[in-house]
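I have placed the structure first, in the form of structure tokens, so that the comments after it can refer back to it.
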Amino acid sequence: MIIEQCDIENLDTLQKLSRETYTATFGKDNTEENLNAYLDQAYNTKQLTSELKNPNSTFYFIYHEDQLAGYLKLNTLKAQSEKMPDNYLEVERVYFKEEFQHLGLGTKAFEFAEKQAQKLSKDNIWLGVWEFNYPAQKFYQKMGYERFSEHKFVMGDSVQTDFLMKKNLRVEK
């Protein structure tokens, strides 16, 4: 597995990958109208350009056997989707194409995210996960994340609940 930071020059690829992986993950659980409204809001050119140019957000492409398998987005400081202390890093997005799921890439992506957090002297790493995405919740728990709060997530006219989960990265001595 290779992880490479992407930037504004990768906008088209990121946009296509984001739409594909989000649709594959949540399309069957939402109406077409709500899904399309979200895709148009979250992954339009202006929005992704703004996120790619934000110094507190970083996108990474994840490759498996020289093929683009997925991507990861990390946020710090005010780029986080919820107000958090400065010593927190958010994993806002981690998505893989269907054919690259269940290959251990998620575990490696989270190990990478934790290393990035430690490089930035962050004590906690956190994420939001849809309340009905049980496989993801189980995976995050296995990775050491614990639920600490929740927030509302709007997709079109559907207001959904995301559980917020975090992992403390401090090593107690």
* To do: Group every Ile, Leu, Val, Met, Phe, Trp and Tyr by side-chain heavy-atom contacts under 4.5 Å, then state whether Leu120 and Phe59 land in the same group.
  => no
* **Donor-acceptor contact below 3.5 Å, side chain Ser50 vs main chain Lys46** => no
* Asked: Which heavy atom in Ala69 sits nearest to a heavy atom in Leu105, and how many Å separate them?
  -> CB-CD1, 3.9 Å
* Between Leu14 and Ile8, is there a shared hydrophobic cluster once you connect ILVMFWY residues whose side-chain heavy atoms come closer than 4.5 Å? -> yes
* Asked: Quick one: are Leu35 and Tyr22 in side-chain contact, heavy atoms under 4.5 Å?
  -> yes
* Hey, are Lys122 and Tyr88 close enough side-chain-wise for a donor-acceptor pair under 3.5 Å? -> no
* What are the two closest heavy atoms between Ala79 and Asn54, and how far apart are they? -> CB-ND2, 3.7 Å
* Asked: Could you walk me through whether Arg93 and Glu51 pass the salt bridge (charged side-chain N to carboxylate O under 4.0 Å, His left out) check?
  -> CA-CA 12 Å; Arg93 298 180 192 143; Glu51 292 176 20; 2.9 Å; yes
* To do: Give the C-alpha distance, both sets of side-chain angles, the deciding distance and a yes or no for side chain to side chain contact (heavy atoms under 4.5 Å, CB included) between Thr161 and Lys152.
  => CA-CA 5 Å; Thr161 300; Lys152 297 301 177 192; 2.9 Å; yes
* Trace of the ring pair (Phe, Tyr, Trp, His ring centres under 6.0 Å) decision for Tyr60 with Phe112 -> CA-CA 10 Å; Tyr60 299 92; Phe112 173 83; 4.8 Å; yes
* Decide side chain to side chain contact (heavy atoms under 4.5 Å, CB included) for Leu39 and Thr23; before the verdict, give the C-alpha distance in whole Å, the side-chain angles of both, and the deciding distance to 0.1 Å. => CA-CA 8 Å; Leu39 294 174; Thr23 299; 3.4 Å; yes
* **Close aromatic pair by centroid cut-off 6.0 Å: Tyr145 and Phe110** => yes
* To do: Can you measure from CG (Asp12) to CG (Leu17) and round to the nearest 0.5 angstrom?
  => 12.5 Å
* Can you tell me which residue pairs pass the side chain to side chain donor-acceptor pair (under 3.5 Å) test with a partner in residues 129-139, sequence neighbours excluded? => Trp130-Gln160
* CE-CD1 distance between Met165 and Ile125, expressed to the nearest 0.5 angstrom -> 12.5 Å
* Asked: Any idea which heavy atoms bring Leu72 and Ala113 closest together, and the distance?
  -> CD2-CB, 4.5 Å
* **Over all atoms of both residues, closest heavy-atom pair of Leu11 and Leu48** => CD1-CB, 3.5 Å
* How many angstroms lie between CD in Gln5 and CD in Gln116, if you round to the nearest 0.5 Å? -> 8.5 Å
* Asked: Can you list the steps and then say if Phe139 with Thr107 is a side chain to side chain contact (heavy atoms under 4.5 Å, CB included)?
  -> CA-CA 9 Å; Phe139 170 75; Thr107 299; 3.4 Å; yes
* Asked: Which atom pair, heavy atoms only, marks the closest approach of Glu20 to Lys97?
  -> OE2-CG, 3.6 Å
* Neighbour count above 12 (heavy atom, 6.0 Å) for Glu146 CD -> no
* Report the distance from atom CD of Gln118 to atom NZ of Lys115, rounding to the nearest 0.5 Å. => 9.0 Å
* Asked: Are any of the side-chain heavy atoms of Glu92 and Leu127 separated by less than 4.5 Å?
  -> no
* Hey, are Gln80 and Asn75 close enough side-chain-wise for a donor-acceptor pair under 3.5 Å? -> no
* Asked: Is the centre of the Phe163 ring less than 6.0 Å from the centre of the Phe148 ring?
  -> no
* **Within-4.5 Å side-chain heavy-atom neighbours: Tyr140 and Val129** => yes
* To do: Applying side chain to side chain contact (heavy atoms under 4.5 Å, CB included), run through Phe96 and Val94 and close with a yes or a no.
  => CA-CA 7 Å; Phe96 292 95; Val94 57; 3.9 Å; yes
* Give me the ring orientation class for His151 and Trp126: parallel if the planes are under 30° apart, tilted from 30 to 60°, perpendicular past 60°. => perpendicular
* **Pairwise side-chain contact, Leu74 with Leu89, heavy-atom cut-off 4.5 Å (strictly under)** => yes
* Hey, what do you get for OG1 (Thr13) to CD (Gln15), rounding to the nearest 0.5 Å? -> 10.0 Å
* To do: Drop me the distance from Asn10's CG to Leu52's CG, to the nearest 0.5 angstrom.
  => 8.0 Å
* Side-chain (Gln67) to main-chain (His64) donor-acceptor, under 3.5 angstrom -> no
* **Sidechain-backbone polar pair: Asn34 side chain, Asn30 backbone, donor-acceptor under 3.5 Å** => no
* Hydrophobic clusters join Ile, Leu, Val, Met, Phe, Trp and Tyr when side-chain heavy atoms are under 4.5 Å apart, directly or via other members; which others share one with Val154? -> Val159
* Asked: More than 12 heavy atoms of other residues, nucleotides or ligands under 6.0 Å from CD of Glu32: is that the case?
  -> no
* Structure fact -> Residues Leu68 and Phe100: closest non-hydrogen pair is O-CE1, 3.7 Å
* Check whether any side-chain heavy atom of Thr58 lies under 4.5 Å from a side-chain heavy atom of Lys73, and answer yes or no. => no
* Asked: Hey, are Asp123 and Lys167 close enough for a salt bridge, meaning a charged N less than 4.0 Å from a carboxylate O?
  -> no
* **Ile3 vs Phe61 side-chain heavy atoms within contact, under 4.5 Å** => no
* **Met1 reachable from Tyr95 in the ILVMFWY side-chain graph, under 4.5 Å edges** => no
* Please confirm whether the backbone N or O of Thr76 pairs with a side-chain atom of Glu90, one donor and one acceptor, at under 3.5 Å? => no
* Asked: Does the Asn44 side chain pair with the main chain of Gln41, one donor and one acceptor, at a distance under 3.5 Å?
  -> yes
* Asked: Between Phe153 and Tyr38, how do the two ring planes meet: parallel, tilted or perpendicular, split at 30° and 60°?
  -> tilted
* Any chance you could lay out the salt bridge (charged side-chain N to carboxylate O under 4.0 Å, His left out) test for Asp86 and Lys78, step after step, and finish with the verdict? => CA-CA 8 Å; Asp86 288 351; Lys78 292 184 179 176; over 6 Å; no
* Asked: Do Met84 and Leu164 have side chains that get closer than 4.5 Å, going by heavy atoms?
  -> yes
* Are side-chain N/O atoms of Ser18 and Tyr71 paired as donor and acceptor at under 3.5 Å? -> yes
